[in-house]
Amino acid sequence: MDKTYNPKNIETTWYQFWEKEGYFAPAGGGDPYCIMLPPPNVTGNLHMGHAFQQTLMDILTRYHRMNGNQTLWQCGTDHAGIATQMVVERQLELKGQSRHDLGRETFTQAVWKWKEESGSTITNQSRRLGTSMDWSRERFTMDEGLSDAVKEVFVRLYDEGLIYRGKRLVNWDPVLHTAISDLEVISEEEDGNMWHIRYPRCDGKGHVIVATTRPETMLGDAAVAVHPEDERYQDLIGHDLELPLTGRKIPVIADEYVDPEFGTGCVKITPAHDFNDYEVGERHTLPLINIFTHDARITSKTGMELEHHDNTATRYVLEDADIIGIPQAYRDKDRFEARKLIVQDLEAADLLEKIEPHKLMVPRGDRSGAVIEPYLTDQWYVKIQPLAEPAIEAVEKGDIKFVPGNWDKTYYEWMRNIEDWCISRQLWWGHQIPAWYDPDGNVYVGRNEEEIRQKYASHLTPDTSLVQDEDVLDTWFSSALWPFSTLGWPEKTPELETFYPTSVLVTGFDIIFFWVARMIMMGIKFMGDVPFREVYIHGLVRDSEGQKMSKSKGNILDPLDLIDGIDLEQLVQKRTTGMMRPKDAEKITKQTRKHFPEGIDSYGTDALRFTFASLATQGRGINFDVGRITGYRNFCNKIWNASRYVMMNLDASELDVNDEDRELGLAEHWINARFSQAVDQVNTGIATYRFDLAAQAIYEFIWDEYCDWYLELSKTTLTDDTATEIRKRGTLFTLVNILEQLLRLMHPFMPFITEEIWHRTAPRLGNDGNTIMQQPFPKTSEVTESARAVLTEMSWVKLFILGVRRIRSERDIAPGKPLAVQIMGGTEDEKSFLQANSSYISTLGKISSITSVEESPDDAIIALAGDMTILVPLTDIIDPKAESARLEKELARLNNDKGRIEAKLNNRNFIDRAPEDVVNKEKHKLEETLASIAKLEEQHQRILKLL
RNA sequence: GGGCGAUUAGCUCAGUGGGAGAGCGCUGCCUUCACACGGCAGAGGUCGCUGGUUCAAUCCCAGCAUCGCCCACCA
């Protein structure tokens with residue numbers, strides 16, 4: 001074996017082997033265990049969030065597979081409507097083309113082509129992480145099967161009246177020309193102004209002042225509202241105002257929506273361009289006056305008919321620029337340009353009271369960055385209330401459990417205030433809505449045109465032409481079906497039968513609303529059961545300073561760079577290419593050079609995975625510090641070298657470790673008992689999704705127990721010429737046996753290094769299995785009385801050794817110099833511990849002799865091991881001053897303890913009310929402390945004499 | 001405005017109603033035949049503040065301060 005662990009050589013080889021052998025597919029007859037991979041965008045790249053999440057899922061998957069479950073990790077990718085379409089549109093842009101130049105069919109073909117080319121990027125990146133997904137079952141949300149499921153759901157919901165089409169205000173992206181959901185709108189505070197505009201009264205009695213952050217929308221005003229009880233404006237209610245610049249008259253209405261305290265107490269009402277105003281308009285039957293085009297330019301359309309708006313009683317949609325009274329100068333102008341003109345004109349007409357700087361929340365599309373416009377369009381909606389109610393109930397009843405538990409509050413909060421889901425998007429890439437229109441505009445919904453012609457044969461003659469709705473469905477519509485569509489629904493497949501409901505969903509809190517809630521609703525609706533029993537919500541990966549990782553901040557870490565390493569120049573280049581704002585390049589370059597002066601080292605997959613596991617605490621933010629991964633890379637090396645030690649000793653010995661005639665010493669019994677405890681901790685950690693605690697248990701066991709103590713203890717036996725053969729065999733066996741079990745314990749966390757070492761280890765124990773993946777997870781053993789005795793004995797032995805080491809270190813005695821040690825006192829147990837383990841103690845403490853004395857010599861340094869006093873007489877080396885100071889410090893600490901315990905025990909209430917065992921514990925503690933103080937005090941007196 | 005959460009060693013974070021922990025960093029010693037990606041020993045914290053409950057509070061409760069996130073949003 002090499003002296004240093006080198007992950008590069010082994011990782012891809014093992015992965016290819018696993019995949020080729022089909023080890024990722026469900027097998028065996030155990031209880032099913034299934035995880036659905038949140039499908040990443042098909043054209044995306046694997047980022048730290050994916051890597052983190054997939055590591056956790058892989059740990060669960062490998063763990064359950066080893067525990068004998070029939071385990072499926074269902075993988076696949078998402079077509080990601082807007083994101084993917086934008087990527088391809090950007091490519092066209094470079095060629096000076098738009099999607100309209102190609103036309104819908106050619107464009108979607110181009111997207112498919114791009115999907116075929118780049119779709120494997122992210123899945124291959126996943127493979128580098130060692131993820132044991134069942135690639136043979138990989139799905140894509142626009143697969144034929146999944147598209148069938150989408151149509152099926154749409155048609156059934158429509159037939160039940162749970163999908164409808166309506167003209168409503170939506171969040172309109174004027175760059176992408178599509179509706180987007182509330183969740184895709186990001187509002188951030190920006191600097192703006194508040195314009196105070198005078199609206200003249202028609203009766204000539206002056207004017208009222210309205211304030212707005214968006215003066216251009218005044219063209220679409222349908223009224224001015226005041227609070228019904230606002231005394232200042234009672235005489236105005238019902239009267240008309242002149243709407244400046246348009247020649248229109250608008251009424252003053254009374255509505256409780258108005259806050260009389262705010263501004264002048266007069267609010268302009270623009271029903272077609274503001275969500276609140278829309279509702280006010282609905283209450284007062286105001287017309288919807290649409291002043292914008294799809295590009296958010298001022299409309300120039302004329303000759304339009306008044307359109308009846310059928311959702312409410314009698315509301316009219318006004319879209320005709322002449323009727324609205326839009327001055328010629330504004331028509332076709334961009335909204336921001338129009339704003340300037342309008343403000344100028346108002347000023348010229350002396351209708352502008354004042355302009356105040358004002359901070360406001362500006363809504364922007366999360367994909368395009370464009371300012372979102374509330375805009376009146378025809379869209380498809382899912383009536384959500386009937387679906388939300390059982391979904392809320394499922395969590396209330398405990399059919400679904402959130403981990404950590406308090407996420408259910410967030411879920412309830414959203415689900416109880418949920419509004420109908422707008423599912424149509426004006427894109428070309430996605431599932432086209434299965435609705436067709438006849439020439440009269442009547443709508444027919446069905447799985448395909450043929451079905452519709454049959455279903456509606458009474459309405460349709462064979463020669464009636466039908467045109468399919470141009471819109472596509474929101475990406476999340478198909479994602480919502482993922483837990484059952486991937487298993488074959490609407491067919492009744494064996495996989496569906498076996499794996500639905502799935503075991504757990506592992507996801508970030510950022511998509512609880514987008515995805516989790518919708519899967520729950522759809523799962524209950526169409527499968528009659530929840531899609532998963534548990535939802536484990538993990539934190540989001542941020543940089544070391546807690547900042548979100550983003551291209552524009554230039555703080556992105558690529559998980560593959562952490563695995564393979566990257567030099568500084570390449571890293572800088574990677575971070576500064578393809579940026580939205582090239583200006584930032586300089587700053588990012590500087591920052592990167594400062595943070596990573598040497599670039600990024602190669603750490604290997606296992607170190608990265610272990611880092612992720614150890615970071616998986618319950619917090620919301622996971623701050624990823626590269627220093628952390630260094631520590632776990634070192635840990636991998638530690639494991640590697642511990643194994644190397646074991647192998648070297650096996651090779652050096654002629655003993656057959658598989659011969660069952662062997663004898664175990666205290667160290668062997670001890671490490672076996674400790675191992676069982678470690679397994680227990682790992683089981684608990686995984687069962688409670690505390691991957692950090694599980695990882696910590698592994699780390700501590702290996703480093704602090706197996707390496708620091710057991711390996712050292714084993715040396716005393718193996719190098720002892722007087723040790724018996726069966727004793728040495730017992731030691732060798734325990735070394736390799738614990739190692740082999742450890743590898744299985746660690747495998748879910750670190751698949752590669754464990755597989756590699758396992759193949760060198762397991763054969764020594766007569767196990768010639770093909771892969772560690774298919775080996776059983778280690779079992780715990782019961783903590784017996786004798787195991788407890790072993791733990792007690794060993795901890796005393798350690799105490800003794802630590803005492804000697806401290807004496808050595810604090811008095812600067814050379815580490816190699818053997819010490820003559822004297823002992824005094826001690827309980828019968830301690831005396832027998834010492835006798836039985838003198839070999840361990842002498843070797844690890846580098847002790848030349850141990851003699852028992854009745855009285856302490858004056859010139860000795862002291863340490864305590866329980867009741868036993870350890871003395872090292874060192875006339876030539878001792879510095880009485882230093883030793884006195886050390887003892888004083890130690891005594892101060894003990895006296896402090898003594899004071900605290902005595903105060904407790906002197907408190908009557910404590911004696912009376914505290915549980916008996918707590919009181920006894922304190923009494924015992926006091927005895928020990930007093931005894932220690934007595935011993936140290938005595939020694940202190942002796943040392944003082946030397947001064 | 002509504003909701004959720006955080007505040008523990010220089011940094012990043014675990015943790016428990018009854019003796020404050022880890023990793024990294026730091027200090028000293030050690031190139032000892034698994035490992036310097038190492039070994040041994042050590043320094044360092046009034047557990048945000050103020051009250052309350054309790055025999056006992058870093059932990060439970062209330063208030064405050066600071067910070068963060070989500071949702072909504074007053075024109």
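A note on names: the letters A, B, ... follow the listed sequences, proteins ahead of strands, and every chain is numbered from 1. Reckoned from all heavy atoms, side chains included, excluding hydrogens, waters and symmetry mates.
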Nearest-angstrom distance, [atom1] atom, [N] to [M]:
{"N": "B:rC35", "M": "B:rU8", "atom1": "C1'", "value": "33 Å"}
{"N": "B:rC13", "M": "B:rU32", "atom1": "C1'", "value": "35 Å"}
{"N": "B:rU27", "M": "B:rC60", "atom1": "P", "value": "37 Å"}
{"N": "B:rU46", "M": "B:rA9", "atom1": "C1'", "value": "14 Å"}
{"N": "B:rC33", "M": "B:rA20", "atom1": "C1'", "value": "40 Å"}
{"N": "B:rC40", "M": "B:rA22", "atom1": "P", "value": "14 Å"}
{"N": "B:rG48", "M": "B:rG10", "atom1": "P", "value": "13 Å"}
{"N": "B:rA57", "M": "B:rG18", "atom1": "C1'", "value": "10 Å"}

Requested in this report: Establish, for the pair A:Arg609 and A:Phe612, whether the NZ or CZ atom is under 6.0 angstrom from the six-membered ring centre and no further than 45 degrees off its axis.
Outcome: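 No.
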Requested in this report: Just say parallel, tilted or perpendicular for the rings of A:Trp703 and A:Phe635, cut-offs at 30° and 60°.
Outcome: parallel
Any protein N or O atoms within reach of nucleotides 31-35 of chain B? Criterion: under 3.5 Å, listing atom names and distances.
{"from": "B:rA34", "atom 1": "OP1", "to": "A:Lys715", "atom 2": "NZ", "distance (Å)": "3.4"}
{"from": "B:rA34", "atom 1": "O3'", "to": "A:Arg644", "atom 2": "NH2", "distance (Å)": "3.0"}
{"from": "B:rA34", "atom 1": "O2'", "to": "A:Asn641", "atom 2": "OD1", "distance (Å)": "2.6"}
{"from": "B:rA34", "atom 1": "O2'", "to": "A:Arg644", "atom 2": "NE", "distance (Å)": "3.2"}
{"from": "B:rA34", "atom 1": "O2'", "to": "A:Arg644", "atom 2": "NH2", "distance (Å)": "2.8"}
{"from": "B:rA34", "atom 1": "N7", "to": "A:Lys715", "atom 2": "NZ", "distance (Å)": "3.4"}
{"from": "B:rA34", "atom 1": "N6", "to": "A:Cys707", "atom 2": "O", "distance (Å)": "3.4"}
{"from": "B:rA34", "atom 1": "N6", "to": "A:Glu712", "atom 2": "OE2", "distance (Å)": "3.3"}
{"from": "B:rA34", "atom 1": "N3", "to": "A:Asn641", "atom 2": "O", "distance (Å)": "3.3"}
{"from": "B:rA34", "atom 1": "N3", "to": "A:Ala642", "atom 2": "N", "distance (Å)": "3.3"}
{"from": "B:rC35", "atom 1": "O4'", "to": "A:Asn641", "atom 2": "OD1", "distance (Å)": "3.0"}
{"from": "B:rC35", "atom 1": "O2'", "to": "A:Asn637", "atom 2": "ND2", "distance (Å)": "3.1"}
{"from": "B:rC35", "atom 1": "O2", "to": "A:Lys638", "atom 2": "NZ", "distance (Å)": "3.1"}
{"from": "B:rC35", "atom 1": "N3", "to": "A:Lys638", "atom 2": "NZ", "distance (Å)": "3.0"}

According to a strict under-4.0 Å criterion, is [X] in side-chain N/O contact with OP1 or OP2 of [N]?
{"X": "A:Asn634", "N": "B:rG38", "result": "yes"}
{"X": "A:Arg690", "N": "B:rG15", "result": "yes"}
{"X": "A:Asn907", "N": "B:rA56", "result": "no"}
{"X": "A:Lys925", "N": "B:rG19", "result": "yes"}
{"X": "A:Lys889", "N": "B:rA43", "result": "yes"}

Query raised in the report: With sequence neighbours excluded, what pairs up with A:Trp709 under the ring-ring contact (aromatic ring centres under 6.0 Å, His included) test?
Result: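 Not a single residue meets the ring-ring contact (aromatic ring centres under 6.0 Å, His included) criterion with A:Trp709.
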Query raised in the report: Separation of A:Met361 atom CE from B:rC74 atom P, in whole Å?
Result: 10 Å
Query raised in the report: In whole Å, what is the span from the CG atom of A:Asp408 to the C1' atom of B:rG5?
Result: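 That distance rounds to 14 Å.
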Query raised in the report: Dot-bracket for RNA chain B, 5' to 3', counting Watson-Crick or G-U wobble pairs under 3.5 Å, with [ ] for crossing pairs and | for inter-strand pairs?
Result: (((((((..((((....[..)))).(((((.......))))).....(((((..]....))))))))))))....
Using the side-chain heavy atoms of [X], tell me which of these nucleotides is nearest: [options].
{"X": "A:Phe509", "options": "B:rG18, B:rG2, B:rC69", "answer": "B:rC69"}
{"X": "A:Lys904", "options": "B:rG23, B:rG19, B:rC74", "answer": "B:rG19"}
{"X": "A:Asn623", "options": "B:rA14, B:rC71, B:rC13", "answer": "B:rC13"}
{"X": "A:Glu922", "options": "B:rG42, B:rG19, B:rA75", "answer": "B:rG19"}
{"X": "A:Glu700", "options": "B:rC37, B:rG18, B:rA22", "answer": "B:rA22"}

Query raised in the report: After noting the C-alpha distance and the side-chain angles of A:Val210 and A:His196, does the key distance pass the side-chain contact (heavy atoms from CB on, under 4.5 Å) rule?
Result: CA-CA 6 Å; A:Val210 298; A:His196 297 254; over 6 Å; no
Report task. Output, in order, the C-alpha distance, side-chain angles, deciding distance and verdict of side-chain contact (heavy atoms from CB on, under 4.5 Å) for A:Arg364 and A:Glu190. Result -> CA-CA 11 Å; A:Arg364 290 181 183 274; A:Glu190 294 182 18; 2.7 Å; yes
Could you check whether [X] gets within reach of a base, just the sugar-phosphate, or nothing at all, counting any heavy atom under 4.0 Å?
{"X": "A:Arg214", "answer": "nothing"}
{"X": "A:Leu693", "answer": "sugar-phosphate"}
{"X": "A:Asn406", "answer": "sugar-phosphate"}

Query raised in the report: What's the spacing between A:Trp195 CH2 and A:Leu352 CG if we round to 0.5 Å?
Result: 9.5 Å
Query raised in the report: When the nearest nucleotide of RNA chain B is assigned to A:Lys409 and to A:Asp897 on a heavy-atom basis, which residue is associated with the more 5' position?
Result: A:Lys409
Query raised in the report: Should A:Leu926 and A:Lys898 be marked as a side-chain contact (heavy atoms from CB on, under 4.5 Å) after you check the CA-CA gap, both sets of side-chain angles, and the distance that decides it?
Result: CA-CA 6 Å; A:Leu926 182 61; A:Lys898 176 187 150 215; 4.1 Å; yes
**Report entry** Close approaches to RNA chain B from residues 800-809 of chain A, in residue order (heavy atom, under 4.0 Å)
**Finding:**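 Residues of residues 800-809 of chain A under 4.0 Å from RNA chain B: A:Leu802, A:Arg805, A:Arg806, A:Ser809.
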May I have the list of side-chain donor-acceptor pairs in residues 252-268 of chain A shorter than 3.5 Å, sequence neighbours left out?
{"from": "A:Asp255", "atom 1": "OD1", "to": "A:Tyr257", "atom 2": "N", "distance (Å)": "2.8"}
{"from": "A:Asp255", "atom 1": "OD1", "to": "A:Arg283", "atom 2": "NH2", "distance (Å)": "3.0"}
{"from": "A:Asp255", "atom 1": "OD2", "to": "A:Arg283", "atom 2": "NE", "distance (Å)": "3.0"}
{"from": "A:Asp255", "atom 1": "OD2", "to": "A:His284", "atom 2": "NE2", "distance (Å)": "2.7"}
{"from": "A:Asp259", "atom 1": "OD1", "to": "A:Glu261", "atom 2": "N", "distance (Å)": "2.9"}
{"from": "A:Thr264", "atom 1": "OG1", "to": "A:Ile209", "atom 2": "O", "distance (Å)": "2.5"}
{"from": "A:Thr264", "atom 1": "OG1", "to": "A:Cys266", "atom 2": "N", "distance (Å)": "3.3"}
{"from": "A:Lys268", "atom 1": "NZ", "to": "A:Thr217", "atom 2": "OG1", "distance (Å)": "2.7"}
{"from": "A:Lys268", "atom 1": "NZ", "to": "A:Asp221", "atom 2": "OD1", "distance (Å)": "3.0"}
{"from": "A:Lys268", "atom 1": "NZ", "to": "A:Thr270", "atom 2": "OG1", "distance (Å)": "3.1"}

Requested in this report: Please lay out, stage by stage, how A:Ser714 and A:Tyr645 fare under the test side-chain hydrogen bond (donor to acceptor under 3.5 Å, both in side chains).
Outcome: CA-CA 11 Å; A:Ser714 76; A:Tyr645 165 81; 2.8 Å; yes
Query raised in the report: Between the main-chain N or O of A:Ile512 and the side-chain N or O of A:Trp407, is there a donor-acceptor pair closer than 3.5 Å?
Result: no
Report task. Please name all residues satisfying side-chain hydrogen bond (donor to acceptor under 3.5 Å, both in side chains) with A:Glu927, sequence neighbours left out, ordered by chain then number. Result ->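 Testing A:Glu927 for side-chain hydrogen bond (donor to acceptor under 3.5 Å, both in side chains), a comparison that skips the adjacent residues, returns none.
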Requested in this report: For a side-chain contact (heavy atoms from CB on, under 4.5 Å) with A:Leu905, tell me which candidate from A:Lys925, A:Lys923, A:Arg900 qualifies.
Outcome: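 For A:Leu905, the side-chain contact (heavy atoms from CB on, under 4.5 Å) check succeeds only for A:Lys923.
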Query raised in the report: Within a radius of less than 6.0 Å around NE2 of A:His924, do more than 12 heavy atoms belonging to other residues, nucleotides or ligands occur?
Result: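 No, NE2 of A:His924 has 12 or fewer neighbouring heavy atoms, counting only those of other groups under 6.0 Å.
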